[in-house]
Protein chains: 2
Amino acid sequence: MVKSSRKTKIPEPTIERLPLYSRPLEELMEADVPVVSSETLAKLCGVNPAQVRKDLAYFGEFGVRGVGYEVANLLKEINRILATDRQWKLCIVGLGNLGSALFENQNFKRRGYIFAAAFDSDPAKVGRILPNGVVVKHPKMIEVVVPKLEIEIGVITTPPFEAQRVAEMLFSAGVRAILNFAPIQLRSPECCIVENVDFTVNLENLAYHLAKLH
Amino acid sequence: MVKSSRKTKIPEPTIERLPLYSRPLEELMEADVPVVSSETLAKLCGVNPAQVRKDLAYFGEFGVRGVGYEVANLLKEINRILATDRQWKLCIVGLGNLGSALFENQNFKRRGYIFAAAFDSDPAKVGRILPNGVVVKHPKMIEVVVPKLEIEIGVITTPPFEAQRVAEMLFSAGVRAILNFAPIQLRSPECCIVENVDFTVNLENLAYHLAKLH
């Protein structure tokens, strides 16, 4: 058993699994379930129970010995660690099908990620008013809009050949992190973070497991 | 140093990182780079070099001692393990913005994931001919089309309240794996696999790292 205290440094892989735990915990809380066992939580997340116990050992004080974890307190602590107890301002660049889908994603807003600006280089789209009242602007306005609205995170959904240039515009305007959906690996300056999202990685995981099943 | 041979069982977390390595390896191969060091590969993938060395120790025979890894052979072996050396037939259910974006994703096709069918319950969309010649059908046709075309993987991009029902239709028609983009955790029968994709998890990772930087 890992000794646990609030001051223990939580390892990176555990941190990366925390959002997985927070989803079912939210559902349990909505259903007024006060305590959950590691077996149930594991099943709800699709993680093995030993992993759940190991990860949540870092939150030992919320474990009720032999019973499980206090749902409300565990969720609160996870949200504090993941910094989801505050709002983040985002902008999106590229309003094709994917960009529009992300912009309209209700989960983002519910979790505190607010799209405060949207950019597209298509003249037919510039000036359009989006459902939340944001007006689409040309990417040349990034350097003005990002610092003015104090936007911290940029989401890129442009064609691949535009993505690196857009990333550099965002960084020099003050964005500190980018979530990139363009099918290209973006490079970032030392001070900043890029997370590249590639759906084919999910498909390859599925295909690998399917190939094993056959 | 982990002793390596082709027969060593490769652990799950390593398997899950393999797609990350294959992307930069493809770029290196296109650029005619024959050998890559673990440091360079680590930098290109955003993984730490010790992790790369540990993972690729399972592919020891492609390591050139003190120099690096043979790009072409390493890539070939990764693709064999991930079963990307074959094609997979997919169908998609839900042709909103996200569904359309995924259907048109050129990377899927390039990696052997072929959308062979598309379903949407909107009468205005049924009968529409998509760019690759696929005709949009009503979801009630799933039970006929999936077995006929031998579709193995389903992609769900419906509203959340329809997703579980659609998943059950897909499974009973013979689909073995589902990639789910609807914001709801889907349950699956024992024989089948569901991977739930949630972009807010990526945002939470970014926010966590940003909060640490400040």
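On a predicted model such as this, the values are computed, not experimentally measured, just so you know.
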* Asked: Does a side-chain N-to-carboxylate-O contact under 4.0 Å join B:E204 and A:R17?
  ->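 Looking at B:E204 and A:R17, the cut-off is not met.
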* Structure fact -> Among residues 36-44 of chain B, residues within the sub-4.5 Å heavy-atom range of chain A, in order of number, are B:L44
* Any chance you could lay out the side chain to side chain contact (heavy atoms under 4.5 Å, CB included) test for B:N196 and A:R23, step after step, and finish with the verdict? => CA-CA 12 Å; B:N196 296 299; A:R23 302 289 172 279; over 6 Å; no
Per-residue contact mode, [X] against chain B (heavy atom under 4.5 angstrom):
X      : result
A:L206 : both
A:V201 : both
A:Q106 : neither

* Asked: Considering residues at least two apart in sequence or located in another chain, which fulfil the ring pair (Phe, Tyr, Trp, His ring centres under 6.0 Å) criterion with A:F115?
  ->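 For A:F115, the residues satisfying ring pair (Phe, Tyr, Trp, His ring centres under 6.0 Å) (neighbours in sequence not counted) are A:F103, A:F108.
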* Is there a donor-acceptor contact under 3.5 Å linking the side chains of A:R110 and B:T200? ->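 No, B:T200 and A:R110 have no side-chain donor paired with an acceptor closer than 3.5 Å.
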* Asked: For B:C191, is it the side chain, the backbone, both, or neither that has a heavy atom closer than 4.5 Å to a heavy atom of chain A?
  ->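 Backbone only.
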* **chain A contacts, top residue of B:N202, B:N107, B:N205 (heavy-atom pairs, under 4.5 Å)** =>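 Highest number of pairs under 4.5 Å: B:N202.
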* Please check if atom NZ in A:K76 has more than 12 non-hydrogen atoms from other residues, nucleotides or ligands closer than 6.0 Å. =>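 At most 12 heavy atoms, drawn from other residues, nucleotides or ligands, come within 6.0 Å of this atom.
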Going by heavy atoms in the side chains, are [X] and [Y] under 4.5 Å from each other?
X      : Y      : result
B:L98  : A:L102 : no
A:L210 : B:W88  : yes
B:L203 : A:R111 : no
B:Q185 : A:E27  : yes

* What about A:F199 and B:Y113, are their ring centers closer than 6.0 Å? ->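 That pair fails the under 6.0 Å test.
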* Hey, could you give me the CG/CG distance between A:N97 and B:N105, rounded to the nearest 0.5 Å? =>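 Atom-to-atom, A:N97:CG and B:N105:CG are 11.5 Å apart.
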